Amino acid sequence: LNRADFADCDLVIEAVIEDLALKKPLYEEIGATVSDRCIIASNTSSLSIAKMAEFCGRPKQMLGLHFFNPVQLMQLVEVVRTEQTD
């Protein structure tokens, strides 16, 4: 995986286990790599989207996309925004 390839993405969805210590360096790298038009999303169901937005330095571009289980059967996704999400 070449992370530089993320520079041209319109949407990046993170799905790392629910551990902010693991997510922090990933979000820092995502924030430094993606364009100003890229939507940055987390699949978290329990962690603060606002905290992850701080990590990436792009709070206006950050949101949560929580897919319900079983994903292949559920036609539902929860979209979570913060006060800063554009």
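Computed from a prediction, not measured in an experiment: that's the story for all the values here. Sequence positions, counted from 1, serve as the residue numbers for this chain. Worth knowing before you read on, the calculation uses all heavy atoms, side chains too, and leaves out hydrogens, waters and symmetry mates.
- Heavy-atom minimum distance, Met62 versus Cys56: SD-SG, 4.4 Å.
- The OG1 atom of Thr82 lies 8.5 Å from the CD1 atom of Ile49; values are rounded to the nearest 0.5 Å.
- Under the rule for a side chain to side chain donor-acceptor pair (under 3.5 Å), Thr33 has no partner lying at least two apart in sequence or in another chain.
- His66 approaches Ser45 most closely through the heavy-atom pair NE2-CB, 3.2 Å.
- The main-chain N or O of Gly64 is never found under 3.5 Å from a side-chain atom of Arg81 such that the two would form a donor-acceptor pair.
- By the 6.0 Å contact criterion, CD on Gln72 is enclosed, its count of non-hydrogen atoms from other residues, nucleotides or ligands being greater than 12.
- Taking every heavy atom of both residues into account, Ser35 and Arg58 meet most closely at O-NH1, 3.4 Å.
- Rounding to the nearest 0.5 Å places OG1 of Thr85 at 10.0 Å from CD1 of Ile39.
- A continuous path of ILVMFWY side-chain contacts below 4.5 Å connects Ile17 to Ile40, so both sit in one hydrophobic cluster.
- A donor-acceptor pair under 3.5 Å is absent between the side-chain atoms of Gln84 and the main chain of Lys60, judged by distance alone.
- In this structure, Met52 and Leu47 have side chains that are in contact, with non-hydrogen atoms separated by less than 4.5 Å.
- Under the 4.5 Å side-chain contact rule for hydrophobic residues, Leu76 and Val79 do not share a cluster.
- Among residues at least two apart or in separate chains, there is no salt bridge (charged side-chain N to carboxylate O under 4.0 Å, His left out) pair with a member in residues 61-76.
- When all heavy atoms of Cys9 and Val12 are compared, the pair lying nearest together is CB-CG2, 4.0 Å.
- Between Phe68 atom CZ and Glu78 atom CD the span is 4.5 Å, to the nearest 0.5 Å.
- Across Leu65 and Asn43, no two heavy atoms sit closer than the pair O-OD1, 2.8 Å.
- Between Ala53 and Pro59, the shortest heavy-atom distance links the atoms CB-CA, 3.7 Å.
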Pair Asp36-Cys38, side-chain contact (heavy atoms from CB on, under 4.5 Å): steps then yes or no: CA-CA 6 Å; Asp36 290 340; Cys38 181; over 6 Å; no

Would you tabulate the side-chain donor-acceptor contacts of residues 19-31 under 3.5 Å, counting partners in other chains and residues two or more places apart, or write 'none'?
unit_1, atom_1, unit_2, atom_2, d
Asp19, OD1, Ala21, N, 2.9
Lys23, NZ, Glu14, OE1, 3.1
Lys23, NZ, Glu14, OE2, 2.2
Lys23, NZ, Val16, O, 2.9
Lys24, NZ, Glu28, OE2, 2.5
Tyr27, OH, Glu14, OE1, 2.6
Glu29, OE1, Arg3, NH1, 3.1

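- Criterion: ILVMFWY side-chain heavy atoms under 4.5 Å apart, direct or through other members. Under it, Ile13 and Leu63 are part of a common hydrophobic cluster.
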